Trainee: 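Got a structure for you, written out below as structure tokens; questions coming shortly.
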Amino acid sequence: MHIIGNENPASRIEDLLEGILDEIIELEVYAKEGKRPPLAKGYRFKINDKSFVWDKPCITGREVLVLAGLTPPENYTLRVKLAGHKPQKVELDEKVDLRHPGTEKFRAIRKEQTDGEVQGRRDAPLLDADMAFLEVYGHRFDIVKDGSTWAILHDFQVPSCFDHKSVSLAIRIEQGYPMTPLDMLYVYPKLSRIDGREIPQTQVEQPIEGKIFQRWSRHRSGANLWVPGVDSLETHVFLIEEIFEQEASR
């Protein structure tokens with residue numbers, strides 16, 4: 001994936017000829033339209049769902065983290081989300097071209113667990129890489145066995161279009177994982193839209209340890225098929241974040 005600053009000579013000439021817009025460009029808008037953002041006095045994008053503005057067309061991973069107040073930057077792992085692609089890791093001194101078509105937003109997570117943090121139950125084994133991700137993702141979590149193995153992330157924030165601010169998010173760890181794809185998501189308590197519109201494919205209930213979770217039947221397809229060795233619990237959680245955002249914008 002090309003995220004480094006623009007190196008195409010023809011594009012550099014185009015930049016010299018192009019005027020600079022005296023406005024702030026919303027990167028997500030251009031990403032959804034598949035268009036290259038114009039030169040502008042500033043670029044607005046999200047870092048962990050909070051909006052920030054940068055006044056240059058390129059930014060390093062380190063600058064992204066400092067901009068968001070995530071310091072020292074060495075304590076964080078950063079990814080950039082490009083429309084239609086999986087989140088891509090960005091090194092601290094790596095440059096991201098904010099004008100690259102599809103550049104949407106950034107996601108940062110801490111590399112280490114906070115001292116003294118109690119994460120909860122461990123009733124079933126999980127891959128070391130998955131445990132490492134959950135321990136730095138920022139949510140209290142449990143790994144429970146109830147028919148299937150479940151990873152349950154507590155206090156998972158959801159968009160304001162729903163009747164709850166946060167839920168417990170359950171993910172079924174399928175037999176044969178990681179060769180077998182992770183699929184769907186489950187939430188407790190049940191979510192409804194505050195505008196009264198029905199959320200499609202959420203009518204099935206799933207009991208987990210005495211609580212009734214709402215199943216969201218969402219599946220990978222087309223260019224977003226599960227890739228063993230690339231996809232994991234981490235990429236599935238990132239996909240779930242996008243599923244909630246898509247429902248919020250519907």
Side-chain angles (χ1 to χ4, degrees), residues 1 3 21 23-33 35 37 40-114 117 133-141 153-169 185 187 191 193-194 234-250:
M1 186 66 57
I3 59 173
L21 293 181
E23 61 183 74
I24 304 298
I25 294 299
E26 300 281 351
L27 288 191
E28 279 193 283
V29 172
Y30 281 84
K32 290 177 181 177
E33 295 176 351
K35 296 179 180 178
K41 75 172 185 179
Y43 303 86
R44 181 177 284 110
F45 50 84
K46 290 181 179 178
I47 308 170
N48 288 2
D49 298 325
K50 293 183 179 180
S51 292
F52 297 88
V53 174
W54 187 250
D55 62 358
K56 302 180 186 69
C58 288
I59 189 169
T60 66
R62 186 184 305 276
E63 288 169 332
V64 170
L65 293 167
V66 171
L67 181 64
L70 302 175
T71 56
E74 289 76 12
N75 286 356
Y76 293 85
T77 297
L78 181 69
R79 289 176 175 80
V80 61
K81 175 67 175 67
L82 292 95
H85 298 277
K86 302 178 189 301
Q88 180 183 358
K89 188 175 180 180
V90 180
E91 301 298 339
L92 290 181
D93 296 318
E94 189 172 10
K95 289 184 179 180
V96 176
D97 180 4
L98 297 177
R99 298 187 63 207
H100 180 77
T103 301
E104 268 185 38
K105 56 189 174 182
F106 295 88
R107 171 68 64 181
I109 60 173
R110 287 188 64 87
K111 289 183 178 179
E112 77 282 346
Q113 181 179 347
T114 303
E117 184 175 356
F133 163 68
L134 289 174
E135 287 171 353
V136 301
Y137 183 57
H139 293 274
R140 182 173 58 87
F141 68 91
L153 285 65
H154 301 286
D155 302 317
F156 191 92
Q157 300 293 312
V158 295
S160 59
C161 67
F162 299 113
D163 59 345
H164 295 283
K165 293 181 179 180
S166 64
V167 295
S168 289
L169 169 68
L185 63 115
V187 298
L191 288 174
R193 292 182 61 107
I194 58 177
E234 179 177 11
T235 62
H236 192 62
V237 169
F238 290 151
L239 178 62
I240 289 171
E241 291 177 355
E242 293 185 13
I243 287 171
F244 283 127
E245 290 176 6
Q246 288 170 3
E247 176 60 32
S249 64
R250 187 172 65 85

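Note: hydrogens, waters and symmetry copies are ignored here, and every other heavy atom, side chains too, is used. Positions are given from 1 along the sequence. Everything numeric in this text was worked out from a predicted model, so none of it was measured.
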Trainee: Taking the six-membered ring for Trp, are Phe244 and Phe162 parallel (under 30°), tilted (30 to 60°) or perpendicular (over 60°)?
Mentor: perpendicular
Trainee: So which heavy atom on Glu104 is nearest to which on Glu28, and how close?
Mentor: O-CG, 3.8 Å
Trainee: What pair of heavy atoms forms the shortest contact from Tyr76 to Leu70, and how long is it?
Mentor: CE1-C, 3.6 Å
Trainee: Using modelled atom types only, decide if a donor and an acceptor are shared between the side chain of His164 and the backbone of Leu191 within a distance under 3.5 Å.
Mentor: no
Trainee: Counting only heavy atoms not in Lys50, do more than 12 sit closer than 6.0 Å to its NZ atom?
Mentor: no
Trainee: Is Lys89 close to Thr77 at the side-chain level, that is, under 4.5 Å between some pair of heavy atoms?
Mentor: yes
Trainee: Taking C-beta and beyond as the side chain, do Thr103 and Tyr43 meet within less than 4.5 Å on heavy atoms?
Mentor: no
Trainee: Do NZ/NE/NH1/NH2 and the carboxylate oxygens of Arg79 and Glu234 come within less than 4.0 Å?
Mentor: yes
Trainee: To the nearest 0.5 Å, how far apart are CD in Glu94 and SG in Cys58?
Mentor: 11.5 Å
Trainee: Which pair of non-hydrogen atoms, one from Phe238 and one from Pro87, has the smallest distance, and what is that distance?
Mentor: CD1-CG, 4.0 Å
Trainee: Please round to the nearest 0.5 Å and tell me the distance separating atom NE2 of His236 and atom CG of Leu185.
Mentor: 6.5 Å
Trainee: Taking the side chain as every heavy atom from C-beta outward, state whether Ile24 and Lys41 have any pair of such atoms under 4.5 Å apart.
Mentor: yes
Trainee: How long is the span from the NZ atom in Lys32 to the CD atom in Glu26, to the nearest 0.5 Å?
Mentor: 10.5 Å
Trainee: Hey, are Glu247 and Arg193 close enough for a salt bridge, meaning a charged N less than 4.0 Å from a carboxylate O?
Mentor: yes
Trainee: Side chain to side chain contact (heavy atoms under 4.5 Å, CB included) for Val64 and Val90? Distances and angles first, verdict last.
Mentor: CA-CA 10 Å; Val64 170; Val90 180; over 6 Å; no
Trainee: Apply side chain to side chain contact (heavy atoms under 4.5 Å, CB included) to the pair Leu65 and Leu92, showing each step before the final yes or no.
Mentor: CA-CA 9 Å; Leu65 293 167; Leu92 290 181; 3.6 Å; yes
Trainee: Go through the steps for Asp93 and Thr60 under the test side chain to side chain contact (heavy atoms under 4.5 Å, CB included), then give the verdict.
Mentor: CA-CA 6 Å; Asp93 296 318; Thr60 66; 5.6 Å; no
Trainee: Do Leu67 and Phe45 have side chains that get closer than 4.5 Å, going by heavy atoms?
Mentor: yes
Trainee: Taking the basic N atoms (NZ, or NE/NH1/NH2) and the acidic carboxylate oxygens, is any pair closer than 4.0 Å for Lys81 and Glu245?
Mentor: no
Trainee: Ignoring hydrogens, what is the shortest heavy-atom contact between His139 and Phe156? Give both atom names and the distance.
Mentor: CE1-CA, 3.6 Å
Trainee: Output, in order, the C-alpha distance, side-chain angles, deciding distance and verdict of side chain to side chain contact (heavy atoms under 4.5 Å, CB included) for Ile59 and Leu98.
Mentor: CA-CA 7 Å; Ile59 189 169; Leu98 297 177; 3.8 Å; yes
Trainee: Provide the closest heavy-atom pair for Ile25 versus Ala40 in the form atom of the first, atom of the second, distance.
Mentor: CG1-CB, 3.2 Å
Trainee: Identify the two heavy atoms, one from Leu78 and one from Ala108, that lie closest to each other, and give their separation to 0.1 Å.
Mentor: CD1-CB, 4.0 Å
Trainee: Nearest 0.5 Å please: distance from the CZ atom of Arg107 over to the CD atom of Glu241.
Mentor: 3.5 Å
Trainee: Do the side chains of Arg62 and Glu74 get close enough for a salt bridge, i.e. N-O under 4.0 angstrom?
Mentor: yes
Trainee: If I take atom OH from residue Tyr30 and atom NZ from residue Lys35, how far apart are they, to the nearest 0.5 angstrom?
Mentor: 7.0 Å
Trainee: Give, for atom OH of Tyr137 and atom CD1 of Ile109, the distance between the pair rounded to the nearest 0.5 Å.
Mentor: 8.5 Å
